[in-house]
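Ligands are counted one by one from 1 in listed order, and the atoms in each one are counted from 1 as well. Computed from a predicted model, the values in this text were never measured in an experiment.
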Amino acid sequence: PKRPRVLSGIQPTADSFHLGNYLGALRQWVAMQETHDAFYCIVDLHAITIEHDPKALRRRTRAAAAQLLALGIDPERSILFVQSHVPEHAQLCWVLECLTGFGEAGRMTQFKDKSARQGAERVTVGLFTYPVLQAADILLYRADAVPVGEDQRQHLELTRDLAQRFNSRFGKTFVLPEAYIPKETAKVYDLQDPNAKMSKSAATPAGLVDLLDDPRVSAKKIRSAVTDTGREISYHPETKPGVSNLLVIYSALADRPVADLERDYAGKGYGDLKKDLAEVLTDFVTPLQQRVRSYLDDPAELDKVLAHGAERAREVASRTLARAYDRVGF
Ligand code: ADP
Ligand code: NA
């Protein structure tokens, strides 16, 4: 039987992915290779919807590719590519923009949040049409499934609406994608402020663990994480958000159920948990960073991998675009 096809993208907006990106998204990318026909896209077109530095973008795009490969994305099994290498994304985006209502786009809550943070005079039209480009990403590959967190649900709904609208106006062309909720997805919180999600734009750098940080620095951040009152090591996200966050991270990295950890740490202190988690994290990132370095040290090979991915992606994307262009009368 044919495997369902999945498409997912990530922006190259930092030099390193952080623990939240990994445990909340990229770990599932690796796992979905077993069950899905996977298309993974480094979305550099999306990354320029806010002001950016070209040198940094180029460096971060390569760093993203190196990290994805080092984390276990297999470029033979999956199609790993950079969005700007496949011009069909921008081409289909235009067609879809012409099907999107101005008011409809204006209702996207992520746009409202992002534009409120930036101030009206700096908000670009690209930021406004960001979700339409996302729709193009998904529809070009006729993806059946798109892994989505809460914050992306509205964008996936727009994608489905646009696919349906196109199909009913011009004839069946696009597949309607379904939201895919991966089983083992973890939300990671800021180590210093466990009620806020871990984010690269976090107010507290000590609360953020980047995968490419010096492991000694990360170990120290874990050991200095904010914990809760009381002494018991138990998973209670409402009343013990700090300890619960550490347990979730530990469980994911060590691949052990939280309940097992609670049993192991019964009668022990927060210090023991943090010390062990710091070790688990160090054991995870040390070989990972070696692999990342070896990919970055061989730029010609990295370029070859990405060119191969783009070529395979284009085979699919160009067929879908040709069909869509034909349908609209081009
Ligand atoms: P950031 O919040 O640092 O800007 P992005 O918004 O670029 O990260 O997120 C990229 C991916 O990582 C998305 O799939 C997002 O849901 C996931 N992600 C980001 N932060 C976390 C987190 N703290 N916990 C779980 N998943 C996260
Ligand atoms: Na974000």
Side-chain angles (χ1 to χ4, degrees), residues 6-32 38-52 56-57 60-61 63-65 67-68 71 73 83 108-115 117-118 127 130-131 133-134 137-138 143 145-156 159 177 179-213 218 221-222 225-226 237 241-242 244-253 281:
V6 68
L7 176 121
S8 197
I10 191 145
Q11 290 195 63
T13 43
D15 287 307
S16 173
F17 293 129
H18 59 72
L19 215 45
N21 299 142
Y22 175 57
L23 299 180
L26 302 178
R27 198 165 62 117
Q28 283 69 43
W29 284 26
V30 177
M32 283 184 295
F39 284 70
Y40 295 133
C41 185
I42 299 167
V43 293
D44 55 349
L45 298 180
H46 286 285
I48 68 165
T49 55
I50 56 170
E51 207 174 299
H52 80 288
L57 178 61
R60 289 167 175 179
T61 299
Q67 288 173 88
L68 291 170
L71 287 168
I73 299 302
Q83 191 183 28
M108 296 294 122
T109 58
Q110 195 177 81
F111 172 73
K112 287 196 237 174
D113 292 347
K114 282 189 182 172
S115 54
R117 262 180 280 150
Q118 284 191 54
L127 188 69
Y130 184 113
L133 179 57
Q134 248 180 331
D137 299 342
I138 296 164
V146 180
V148 284
E150 260 331 298
D151 55 334
Q152 290 298 322
R153 281 194 168 275
Q154 198 187 21
H155 289 179
L156 184 64
T159 300
Y180 175 74
I181 316 285
K183 269 194 298 288
E184 293 181 10
T185 182
K187 187 155 178 189
V188 179
Y189 295 89
D190 189 298
L191 295 177
Q192 289 301 314
D193 178 9
N195 293 305
K197 78 167 197 155
M198 184 178 284
S199 168
K200 61 180 169 288
S201 46
T204 53
L208 170 72
V209 174
D210 274 331
L211 299 181
L212 302 185
D213 274 346
S218 299
K221 288 182 184 177
I222 295 281
V226 165
S244 300
N245 188 36
L246 296 179
L247 284 170
V248 165
I249 296 170
Y250 196 145
S251 161
L253 291 179
L281 179 72

With a 4.5 Å heavy-atom cut-off, do [X] and [Y] have their side chains touching?
X: Gln154; Y: Gln110; result: no
X: Ile249; Y: Leu191; result: yes
X: Leu253; Y: Leu23; result: yes
X: Ser16; Y: Asp213; result: no

Report yes or no: does a heavy atom of Pro147 sit under 4.0 Å from some atom of ligand 1? no
Are any of the heavy atoms in Ile10 under 4.0 Å away from ligand 1? yes
Atoms of ligand 1, numbered as shown, that sit under 4.0 Å from any heavy atom of [X]:
X: Met198; value: 20 (N), 21 (C), 22 (C), 23 (N)
X: Val188; value: 22 (C), 23 (N), 24 (N), 25 (C)
X: Lys197; value: 2 (O), 19 (C), 20 (N), 23 (N)

Is there a donor-acceptor contact under 3.5 Å from the side chain of Arg60 to the main chain of Pro12? no
Applying a 4.0 Å heavy-atom criterion (strictly less than), which segment of Ala25 is in contact with ligand 1: side chain, backbone, both, or neither? side chain
For ligand 1, does Ala186 get within less than 4.0 Å through its side chain, its backbone, both, or neither, judged by non-hydrogen atoms? backbone
Using a 6.0 Å cut-off, check whether atom OH of Tyr130 has over 12 heavy atoms from anything other than its own residue. yes
N/O of [X] under 3.5 Å from N/O of ligand 1, yes or no?
X: Asn21; answer: yes
X: Lys200; answer: yes
X: His18; answer: yes

Would you give the length of the straight line joining atom CD of Gln11 to atom CD1 of Ile50, rounded to the nearest 0.5 angstrom? 7.0 Å
